[in-house]
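All values below come from the heavy atoms of this structure, side chains included, with hydrogens, waters and symmetry mates left out.
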Amino acid sequence: MTALKAPKKASPPKDWHPAEVVAQLRMKGYSLRQLSNINGYRNPNSLAKALHQPYPLAEALIAEALGVSASEIWPSRYGPDGKPNRKRGQKALIPASAKPSRLRLVRNPQDGSAE
């Protein structure tokens with residue numbers, strides 16, 4: 001008797017590998033350092049941050065240089081409508097109504113006072 005196999009789920013599209021992004025830039029005649037300098041960044045390594053973590057402005061600059069959309073390079077960072085799917089304004093870890101820690105009161109070097 002043959003067991004029925006469940007259909008495989010469609011795997012989500014994968015982001016381009018960082019080396020692939022750099023290679024595509026090289027093929028277009030650019031480097032991340034050149035793009036940083038052209039776009040007025042003081043740190044020449046600023047755009048490299050986008051290869052490993054979300055950075056919308058840098059992603060847009062890299063995608064423009066490659067002639068594709070940023071959602072094509074990093075589909076995990078964008079929704080189906082092409083807008084970033086990032087959380088903005090994350091909540092603080094300590095609620096505002098929480099009492100201050102006794103350690104913070106005792107060991108606060110900026111306060112200058114210790115109990």
Side-chain angles (χ1 to χ4, degrees):
M1 187 181 223
T2 314
L4 294 175
K5 293 183 179 179
K8 292 183 179 180
K9 292 182 181 178
S11 61
K14 293 188 177 184
D15 294 348
W16 290 11
H17 191 278
E20 188 176 355
V21 174
V22 172
Q24 291 294 325
L25 281 171
R26 287 283 181 188
M27 290 172 64
K28 296 279 185 177
Y30 295 108
S31 70
L32 287 172
R33 186 174 288 254
Q34 286 174 330
L35 282 178
S36 295
N37 290 333
I38 290 169
N39 290 291
Y41 284 91
R42 289 183 183 173
N43 184 349
N45 298 320
S46 294
L47 297 183
K49 179 180 175 183
L51 297 176
H52 303 287
Q53 61 188 18
Y55 186 2
L57 295 175
E59 292 167 8
L61 292 172
I62 292 169
E64 182 181 347
L66 293 176
V68 297
S69 67
S71 61
E72 186 178 330
I73 301 171
W74 296 282
S76 68
R77 300 179 189 181
Y78 292 87
D81 57 353
K83 293 183 180 177
N85 59 359
R86 297 173 183 86
K87 294 180 182 176
R88 294 186 184 195
Q90 293 179 345
K91 295 181 181 178
L93 296 176
I94 301 174
S97 61
K99 293 181 181 178
S101 168
R102 183 167 171 81
L103 289 176
R104 269 189 277 149
L105 292 176
V106 173
R107 298 184 185 185
N108 188 353
Q110 295 174 347
D111 185 22
S113 64
E115 286 186 48

When you compare the side chain of Leu32 with that of Leu51, does any pair of heavy atoms fall below 4.5 Å? yes
Nearest heavy-atom pair of [X] and [Y]: which atoms, and what distance?
X: Ser69; Y: Ala63; answer: C-CB, 3.7 Å
X: Pro44; Y: Arg42; answer: CD-O, 3.4 Å
X: Asn85; Y: Tyr78; answer: OD1-N, 3.6 Å
X: Ser36; Y: Leu47; answer: OG-CG, 3.3 Å

Nearest-0.5 Å distance, [atom1] of residue [X] to [atom2] of residue [Y]:
X: Ile62; Y: Leu57; atom1: CD1; atom2: CG; value: 11.0 Å
X: Leu66; Y: Glu20; atom1: CG; atom2: CD; value: 10.0 Å
X: Gln24; Y: His17; atom1: CD; atom2: NE2; value: 13.5 Å
X: Ile38; Y: Ser31; atom1: CD1; atom2: OG; value: 8.0 Å
X: Tyr41; Y: Leu35; atom1: OH; atom2: CG; value: 10.0 Å
X: Tyr30; Y: Leu61; atom1: OH; atom2: CG; value: 11.5 Å

Just to verify, what does Arg33 make a side-chain hydrogen bond (donor to acceptor under 3.5 Å, both in side chains) with, not counting sequence neighbours? Asn45
Any salt bridge (Lys or Arg N to Asp or Glu O under 4.0 Å) involving residues 51-79? Give me the pairs, sequence neighbours left out, ordered by first then second residue. Glu59-Arg77, Glu59-Arg86
